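Structure first, commentary second.
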Amino acid sequence: MKPETPRPVHLKDYRPPAYLIDKVDLDVSLHATRTRVRSRLQVRPNPQAGGRHGPLRLDGEHLELGEIGLDGRPLTKKDYKLTDTALTLSKTPAGPFTLDIETFVDPQANKALQGLYRTNNVYCTQCEAQGFRRITYFLDRPDVLATYTVRVEADPNETPVLLANGNLVERGMLQGGKRHYAVWRDPFPKPCYLFALVGGDLAPITSTFRTMSGRNVDLAIYVEHGKEERAAWAMDSLKRSMRWDEQRFGREYDLDVFNIVAVSDFNMGAMENKGLNVFNDRLILASPESATDATFEAIESVVAHEYFHNWTGNRITCRDWFQLCLKEGLTVFRDQEFSGDERSATVQRIIDVRQLRTHQFTEDAGPLAHPVRPESYIEINNFYTATVYEKGAEVVRMIQTVLGAEDFRKGMDLYFERHDGQAATIEEFVACFEDASGTDLGQFKLWYSQAGTPELVVALRYDKDKKTALLEVEQVLPVTPGQSQKKPMHIPVRLGLLGANGHDLALKLENGAELADGVLSVTKRRQSFRFVDVPSRPVPSLLRGFSAPVNVTLDLPDDDVELLMANDADLFNRWQAANGYAARTLIEMVGKSAGGRKAGRPQRYARALGAAVASEELEPAYRAELLKLPTQADVARLIGKNVDPALIHRAHRQLSKLIGRTLGPLLEDLYVTMAGKGDFSPDAQSAGRRALRNAALTLLSARGTPEDTARLAKHYFKATNMTERAHALLLLAARGGPEAAHALADFHERWKGDHVVIDTWFAAQAQSPLAGTLGKVKALMRHPLFALTAPNKVRALIGTFAMANPLQFNRPDGAGYAFLAEQVLALDRMNPQIAARMLGALRSWRALEAGRRAQARKALQRIARTKQLSSDVQEIVSRMLEA
Ligand code: BES
Ligand code: ZN
């Protein structure tokens, strides 16, 4: 079925399409195993393609072709060529023409969940990136923009709700009530990846939104019957997103309706189809009993993200898939800004940076490293990565930092004005900021083409006679696959210098040079900056607010770190100081097993942490972030080579225990005072108090006294919301024993009827560091609620085990890797996209110590040797073994 040997596509080979399609009329008659699709295309040769209009090659996969006609005349087999991946017409008229194509698809058999499929008796589509070709023959590329009219027909009893993009124009009954239909029209030209259609027996919650120009938009969220109440938070989030985009970016919604549908089987989190977003139901459904604060937060940000795509992605789309960060990086930046405005900007920044470092920095340091704008790919689905998304968002953020907020907004306005209705490129995007601000971003653009996380090696020399401080900076650009030579980059470094009392000193560069907004532009491989009139030896606070996605190497003495931790005016950097202090302590403890340890550093760190966390002028959510240690994956990344996950796990445990003991009274006090009073509210302040209470509980439980275990069990059984209950379940499952068994049984009993919430139960068990976990995971795969065809189940059980259980996944005997390989191969036969994602769990295999590295290689080689791999898995496994 698949193309024989997958060949890479290169950015440099981009050519405009030979033909354009201006208008699409689709007529879809839904049937579980044989859906009929009739497509009428208005086609014309593309004047931009230099007059050459040779054969018309339409993409199509997994399709059964029915009738086909050109300008009303039927075509016969000799008029076209049909392969597994294309339908090619060799002769076409010189001018515009109409093409009619009939295809048949089997939604029920579609387990790849791309194109048209059926889940829980709901028909739905997923077309990004290249799913439309599984519905009909088409020019499946984002630079072909057409207006769509879609007629959907189905059985009214089984499928009463019929939705597609745009506005509803007509609906009615057919065959005396045996069938019914609806016609939807989307007036905005769009690429086919934004097409969507849904049919099913779903229940809506509705609302309206009045736009800034006074138009009313009908909003609806469709969910499973009986789950309507759980969609209220998503609706609230949608309305706040719509308002925010008007206020912050001047962007107004453009259709009369905005629909969201929640489905239970979905490869990704959500999809921004024009006027008809489709969501994984775990990112819509939430109530205090069923969802954690983290879920409420995720719903808010994903609803915002998909809504924001309406301008950044839909009204202005991508010329080709190499430009993916044009919509994804920019839209992640926008949703991060939204969350920062709705909640605490500092806490949001900490969360985003933590995520960036854990995922993107790790990706960038391994065999799958690639630029924010890749130059070639085999399977585009493999490039929806942390690099394209998160680093892509950082690059947009840096443009804002370099230009300042005002010129950044002017650049965005120009982008919307200049490119509305177009399929644009990164060059065109960046040119808008250059034109709006008069700034040359030539060197800055290297952020799009050079992979790897730059390292800034910094030294600060103070001359107490001259009262000057010399900041010396070297940028080290790591080698990444296919890129050994790199040019120096433009790195914005926001900084402060702290005096002995912890206050910021005035920043004055020699020769009176300006330091706009406290931001230095580092542009050379080696560069120094001299500050004058510095009254005493300063402590540098570098990269404030994480002004660039880089690593900073600067060996500050512990005293200086503690000064920053207690005083830095930049709260992000205060957290950074604490987090860096924890990391260096953990790394030292890992090394200890091999040799000496600096006496008392863990105790010193714990006391400094206690002082910072005790300050009540800091908001609870922020104090909770202070209490969270760097993850074991973070420590592994910082160690970088010959990583022994078992040693990291042990150090992590030891330090948690030591903090729990050292700060016992403080933590017990927080545990009591942060307890909720009154009704549950998902707002940021209340969530912050719960986060701080849970963080205190984690460290108290690490001590492991009988009272601690009793407190933990009580936290579970007396919980009044899922944030408390799920956290206790996770900690209990990690400990094992009768309390864990009791809580797990209770959770199962409460939630076995809820396919979203039960995933918490699968995940808690998969994450347990206890020795029997792999066996448990294997057993759970036979649980009646588990299914390899359901991506959420796969992520909760297999994904959590492979990506969030460093100790047991990295068993020295290699059984964890062998298990993953086996599951990847099983998944690959039904859902290659999910199979390739799971395989990503091994992306850091080369950094492991020799024994585990050999085991991981064996698992990868086993996959690589397998015949008939999908191009998705094939590409990932070969890149992992190559580099
Ligand atoms: N456009 C994507 C969804 C998508 C990704 C479709 C890959 C096809 C292939 C959507 O806008 C998106 O980015 N969704 C994210 C969540 C978002 C908040 C980062 C997702 O699904 O994980
Ligand atoms: Zn997106």
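Heads up: numbering here begins at 1 and tracks the sequence. Keep in mind that the numbers below use all heavy atoms, side chains included, and drop hydrogens, waters and symmetry copies. Predicted model only: the values in this text are computed from it and were never measured.
- No side-chain heavy atom of R693 sits less than 4.5 Å from a side-chain heavy atom of L697.
- The minimum heavy-atom distance linking P806 with P645 is given by the pair O-CB, 3.9 Å.
- In the model, T698 has a side-chain atom that pairs as donor or acceptor with a side-chain atom of H727 under 3.5 Å.
- Using a 30° and 60° split on the angle between ring planes, F195 and F132 fall in the perpendicular class, above 60°.
- Side-chain contact annotation: S301 with S339, donor-acceptor N/O pair under 3.5 Å absent.
- Looking at N382 and E875, their side chains do bring a donor and an acceptor atom within 3.5 Å of each other.
- Ring geometry for H305 versus H309: interplanar angle over 60°, hence perpendicular rather than tilted (30 to 60°).
- A donor-acceptor pair is defined here as one N or O able to donate and one able to accept, closer than 3.5 Å; no such pair exists between the side chain of N310 and the backbone of N314.
- Ring centers of F762 and H783: under 6.0 Å apart, within the cut-off.
- Using a 4.0 Å cut-off between charged side-chain N and carboxylate O, R282 and D759 make no salt bridge.
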Could you walk me through whether H755 and D281 pass the side chain to side chain donor-acceptor pair (under 3.5 Å) test, one step at a time?
CA-CA 10 Å; H755 65 265; D281 57 5; 2.7 Å; yes
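- Remark: of the listed residues W321, F322, Y384, F322 is the sole one forming a ring-ring contact (aromatic ring centres under 6.0 Å, His included) with Y377.
- Using a 3.5 Å distance cut-off with no hydrogens or angles, the side chains of E724 and H715 do not pair a donor with an acceptor.
- Salt bridge D634/R637: present, at least one basic N to carboxylate O contact under 4.0 Å.
- Contact check for S290 versus V756: no side-chain heavy atoms found under the 4.5 Å cut-off.
- Judged purely by distance below 3.5 Å, without hydrogens or angles, the side chains of E739 and Y716 never pair a donor atom with an acceptor atom.
- By the 4.0 Å N-to-carboxylate-O rule, R349 lies close enough to E394 to be salt-bridged with it.
- Relative ring orientation between F801 and F819 is described as perpendicular, the plane-to-plane angle rising above 60° on a 0-90° scale split at 30° and 60°.
- Side-chain atoms of N831 and N267 form a donor-acceptor pair, as typed in the model, at a separation below 3.5 Å.
- Distance alone, capped at 3.5 Å, is enough to place a donor-acceptor pair between the R853 side chain and the L848 backbone.
- Residues satisfying the side chain to side chain donor-acceptor pair (under 3.5 Å) test with Q108, not counting sequence neighbours, are R118.
- With sequence neighbours excluded, the residues satisfying ring pair (Phe, Tyr, Trp, His ring centres under 6.0 Å) with Y817 are F809.
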